[in-house]
Each structure stands twice: as structure tokens, then as C-alpha cells.
There are 2 protein chains.
Amino acid sequence: MPTKKKQSLKQALVEQAFSVIEEKGVEHLSLREVARRLGVSHQAPYKHFPSRDHILAAVVARCFAEFAQHLSSRPSCNDPFDDLHKMGLAYLEFAQKFPLQYRLMFNTALPDGTAHPEMLAQAQFAFSILHDKLGEMTLKDPDHPIRDPVKHDAIYIWSALHGLASLMQSDVTSTLGLSNDEKAVAVERLMRRMSLSIAP
Amino acid sequence: MPTKKKQSLKQALVEQAFSVIEEKGVEHLSLREVARRLGVSHQAPYKHFPSRDHILAAVVARCFAEFAQHLSSRPSCNDPFDDLHKMGLAYLEFAQKFPLQYRLMFNTALPDGTAHPEMLAQAQFAFSILHDKLGEMTLKDPDHPIRDPVKHDAIYIWSALHGLASLMQSDVTSTLGLSNDEKAVAVERLMRRMSLSIAP
DNA sequence: CTCAGAAAGTAGACGCTGTCAACTAGATGA
DNA sequence: TCATCTAGTTGACAGCGTCTACTTTCTGAG
């Protein structure tokens with residue numbers, strides 16, 4: 001199995017890179033460390049990725065893929081408003097359950113995004129899920145009083161969700177002395193306001 | 001002037017560090033580069049900061065101070081709702097005008113926040129401005145129908161603002177093909193919704 | 001089957017980095 | 001005056017990303 005073994009190191013590199021990030025933080029990700037853990041030479045990774053940034057981009061792309069799957073894994077019922085509410089909760093749940101992945105997606109500054117097309121594609125796909133769900137809503141209700149394009153609603157919702165998710169996992173919460181209960185209240189309030197803003 | 005000269009290098013280090021970050025990105029900030037630019041030896045910075053992270057924390061603290069000043073520089077009128085609206089715009093304006101500073105404040109992962117008390121204090125002060133403004137609002141209107149503590153409103157508002165600011169300066173906007181006009185519309189919509197949520 | 005060539009992996013080197021240790025010159029203060 | 005503290009210097013060390021050159025292994029056309 002040549003192709004299988006060929007790809008196996010590439011995949012193993014991405015997985016080990018994530019493990020290293022998990023243990024030491026993204027800024028201490030070292031290709032040599034990854035290679036050492038996999039028992040290969042320090043140059044082996046360069047046969048599969050042109051640079052350290054490209055491995056990092058692959059890790060981020062995998063996070064986006066997991067994120068998209070998490071968002072769309074919820075069963076969709078006939079009520080698109082309920083669907084959207086569930087998707088919002090799923091969004092926040094992902095950020096809470098997988099804070100590292102979330103930070104990697106939205107906090108990682110790759111020098112040039114266009115240099116990592118796979119990562120970009122995964123990110124676009126993840127956003128399309130939210131966008132499409134909003135599209136369903138307005139389609140199912142032709143008299144929906146939203147005048148601006150769906151895109152702007154998507155932006156608003158994504159903004160609110162992302163802002164809350166970021167805040168909840170930053171040090172700010174401990175700085176403000178927020179208990180878990182208060183966090184839950186904040187989530188519930190935000191979701192309610194979001195629904196009110198979108199609902200007819 | 002011993003004390004003056006003593007402090008001058010410390011201050012110069014922080015300024016030059018910011019310049020380096022500006023040019024090369026925060027992950028390429030190098031103490032040796034900073035020292036080189038200031039014409040001192042590569043060990044001189046260590047007489048003023050214990051490590052690279054501590055210089056970075058000082059840079060971030062300065063960003064928080066500038067941010068707080070920007071937020072509170074707006075003249076406050078007698079209408080606290082109008083004040084809040086202006087402060088929200090000021091928030092977004094800062095993020096747009098000084099994206100690097102904004103990212104440094106909210107995207108920089110320092111290993112241990114408690115190790116940098118000055119930075120933490122600046123961050124808390126910045127948030128207190130928003131919090132106090134909300135406090136004014138509820139105080140001036142005793143019948144204000146907000147049942148939950150001010151803190152939760154502050155969290156909601158900060159979430160929405162931070163989310164939008166982050167989104168606006170990420171690559172997502174170009175990915176979605178957002179024009180500047182559409183960005184402005186998104187800002188206006190968010191501000192309107194925010195006001196509606198808070199207003200009685 | 002053979003064998004040229006591509007692909008995967010190894011080894012060594014270079015310049016860069018953060019940081020530790022040891023040293024020097026100058027200011028401070030009892 | 002002289003011991004001490006402070007700011008700054010030089011030198012060293014290990015680790016890093018990445019370039020070049022080498023070997024091994026696999027592949028696919030003749």
C-alpha cells in the first residue's frame with residue numbers, strides 16, 4: 001500500500017501537530033518536535049508540507065471541518081426558527097467543548113490566507129451552513145419582513161455568537177467573576193435577543 | 001537624570017517592539033531585533049523585562065490604555081442611551097482604525113495572564129468604562145425594565161461589538177465579498193438591534 | 001523484467017532565536 | 001571612601017525553521 005503509507009505520515013503529522021499545540025500552545029509548535037514524536041527525521045515533514053505555516057493551516061482546516069460537521073449534525077425539523085436556535089446553541093457548544101479548535105480557527109493569524117486554499121475552502125463551507133439555514137428561513141416565509149439580504153442577518157448572528165464565544169473562553173470571564181450559572185444566563189439572553197431580532 | 005534615562009530605554013523597548021510587530025507580525029517579534037534597532041546589546045532588554053512575553057504584555061497593556069482613552073474620549077451628553085450608542089461606534093471605530101492594536105488586545109494569548117498584572121489592570125479598566133456607562137443608564141431611569149444585572153447587558157453588548165469587530169477585520173469579509181458599504185450597513189443594523197435590546 | 005526517474009526519508013549546515021552566566025562601568029548611599 | 005546596586009556588555013548554549021546534498025524506496029513505461 002504505497003499511497004496509503006504515503007499519506008499516512010502526512011495525516012500523522014497533522015494529528016501530532018495538533019497534539020503539540022494542545023500541550024504547548026500554538027506559538028510553541030515545532031516541526032522538529034512533531035518529527036521527533038513520530039520517529040522520523042527533522043526534514044521528513046518538508047516532503048509533505050512546504051513550511052511550518054502550511055502544517056498549521058492543515059490543522060486549522062481540520063478544525064473547520066470538525067466545526068462544520070458539528071454545526072450540521074443537529075437534526076433539522078420543519079421549523080427553521082427552531083433550527084436556527086439549535087444551530088446557535090451548537091455553535092456555542094462547540095466553542096465551549098473545543099476551545100482550542102475554536103481559537104485555532106478564529107485566533108490564528110496565517111500570513112496569507114490565499115496561500116492555504118484548502119483551509120479557506122473549509123472555512124467557507126462552515127459559514128455556508130449558517131448562511132444556507134438563514135436562506136431556508138426567508139424562503140419558507142415569503143412575507144418575512146427582512147428587507148436586507150440574508151447575508152447581513154448571517155453577519156449579525158455570526159457576530160453575536162462569535163463575540164459571546166470569544167468572551168466566554170477568554171480570561172475576561174474570570175476577571176469579571178462570572179460563575180458558570182451566569183455564563184449560562186448570558187448565553188440564554190443572547191439567544192433570546194437573537195431570535196427576537198430575526199423573528200417576524 | 002538617572003531615573004529618566006533609566007526609564008527611557010524601557011519605554012523605547014515597548015515602542016520599538018510595537019513597531020516590529022507592526023512590520024513583521026506578533027509571532028515574529030524578536031527581542032534581539034528590538035535591541036538591534038535601539039543600538040543596544042541583545043541582553044539589555046532583560047534588565048527591564050524578565051522575558052519576551054513580558055515585553056509583549058507591556059505592548060498589549062499600552063493598547064488597552066489607548067483603547068480605554070478612545071472609548072472615554074467621546075463627550076458625554078445627558079442622554080445615556082445616546083452616550084452608549086456613541087460608545088459602541090467608538091468601539092467599532094477603534095477596531096477599524098487600529099486593527100493591530102485590537103488584535104493584540106483580544107487575539108494575543110499570553111501563557112498566564114496573572115503573570116502580567118499591569119496588563120490585566122488596563123484590561124479591567126477598559127471594560128469598566130463600558131460597564132459604568134451601562135450603570136449610569138439604569139440609575140438615571142429607575143423604572144428601566146432590565147431585570148438582570150447590568151453585568152449581563154454589558155456582556156451582551158461587548159459580545160456583539162467584539163464579534164462584529166472581529167469579523168470585519170478578518171479575512172471573512174473578503175471571502176464573503178463584502179463591500180465597504182455593506183460593512184457600514186452591517187454596523188448600522190447591529191447598532192440598531194443593540195439599542196432596541198437595551199432600550200425600555 | 002528492467003531500469004530510469006520520481007518520491008520519501010536522512011544527514012548536515014547556516015543563521016536566527018530566547019535565555020543563562022559572567023563580567024564591566026557608573027551611580028548611590030551609609 | 002568604599003561597598004553595593006544597577007544598567008549594560010560579551011559569550012555561550014540549545015532549539016528552531018529551512019536550505020542543500022545525499023540515500024533509499026517505490027513506480028510505471030519500455
Side-chain angles (χ1 to χ4, degrees), chain A residues 1-60 104 108-112 115-116 118-119, chain B residues 1-60 104 108-113 115-116 119:
Chain A
M1 298 158 189
T3 43
K4 188 175 178 184
K5 191 160 193 180
K6 185 198 295 181
Q7 296 301 330
S8 74
L9 178 58
K10 184 167 186 171
Q11 189 180 337
L13 283 168
V14 176
E15 289 170 11
Q16 275 293 335
F18 183 81
S19 296
V20 172
I21 293 173
E22 213 168 8
E23 293 175 28
K24 306 192 170 187
V26 62
E27 65 276 7
H28 293 112
L29 168 63
S30 145
L31 280 197
R32 294 173 106 106
E33 169 85 15
V34 173
R36 226 176 285 125
R37 293 189 182 198
L38 291 174
V40 295
S41 78
H42 70 276
Q43 275 298 330
Y46 282 86
K47 297 297 168 180
H48 300 275
F49 297 96
S51 81
R52 176 186 177 279
D53 275 347
H54 286 77
I55 279 198
L56 189 53
V59 172
V60 174
L104 283 175
T108 303
L110 276 315
D112 183 12
H116 312 285
E118 288 185 29
M119 191 198 69
Chain B
M1 300 158 189
T3 41
K4 188 177 178 185
K5 190 160 191 179
K6 184 199 293 180
Q7 296 300 329
S8 74
L9 178 58
K10 185 168 185 172
Q11 190 181 338
L13 283 168
V14 176
E15 289 170 10
Q16 273 294 334
F18 182 80
S19 295
V20 172
I21 293 173
E22 213 168 7
E23 294 175 27
K24 306 192 169 187
V26 63
E27 63 276 6
H28 293 111
L29 168 63
S30 145
L31 279 198
R32 292 175 106 104
E33 170 84 16
V34 173
R36 227 176 285 127
R37 293 189 181 197
L38 292 174
V40 295
S41 78
H42 69 273
Q43 275 297 331
Y46 282 87
K47 298 297 170 180
H48 300 275
F49 297 96
S51 81
R52 175 186 177 277
D53 276 347
H54 285 77
I55 278 199
L56 188 53
V59 172
V60 174
L104 283 175
T108 305
L110 276 315
D112 184 11
H116 312 285
M119 191 198 68

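Labels below follow one simple rule: chain letters A, B, ... track the order of the sequence lines, proteins then strands, and each chain is numbered from 1. Here the structure is a predicted model, which is why all the values come from computation and not from measurement.
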Pairs under 3.5 angstrom, nitrogen or oxygen only, protein versus nucleotides 10-17 of chain C, please.
unit_1	atom_1	unit_2	atom_2	d
C:dT10	OP2	A:S41	N	2.7
C:dT10	OP2	A:S41	OG	3.1
C:dG12	O6	A:H42	NE2	2.9
C:dT17	OP1	B:S30	OG	3.0
C:dT17	OP2	B:R36	NH2	2.6

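B:F49 has its CZ atom 12 Å from the P atom of D:dG8, to the nearest Å. Following rounding to the nearest Å, A:K24 (NZ) and D:dC16 (C1') show an atom-to-atom distance of 12 Å. C:dA22 atom P lies 17 Å from atom OH of B:Y46, rounded to whole Å. Taking atom CG on B:L13 and atom P on D:dG8, their separation rounds to 9 Å, with Å as the unit.
With hydrogens and angles ignored, the 3.5 Å screen pairs a side-chain donor or acceptor of A:H28 with a backbone N or O of A:K24. Judged by distance alone, with hydrogens and angles left aside, the side-chain atoms of B:R36 form no donor-acceptor pair with the main-chain N or O of B:S41 at under 3.5 Å.
A:V14 and A:A58 get closest at one heavy-atom pair: CG2-CB, 3.9 Å.
Taking only side-chain nitrogens and oxygens, A:H48 comes nearer than 4.0 Å to OP1 or OP2 of C:dG9.
Contact check on B:R37 versus B:E15 returns no salt bridge, with no Lys/Arg side-chain nitrogen under 4.0 Å from an Asp/Glu carboxylate oxygen.
Around CD of A:E118, the count of heavy atoms belonging to other residues, nucleotides or ligands within 6.0 Å does not exceed 12.
A 4.5 Å side-chain heavy-atom check between A:V26 and A:V59 finds every atom pair outside the cut-off.
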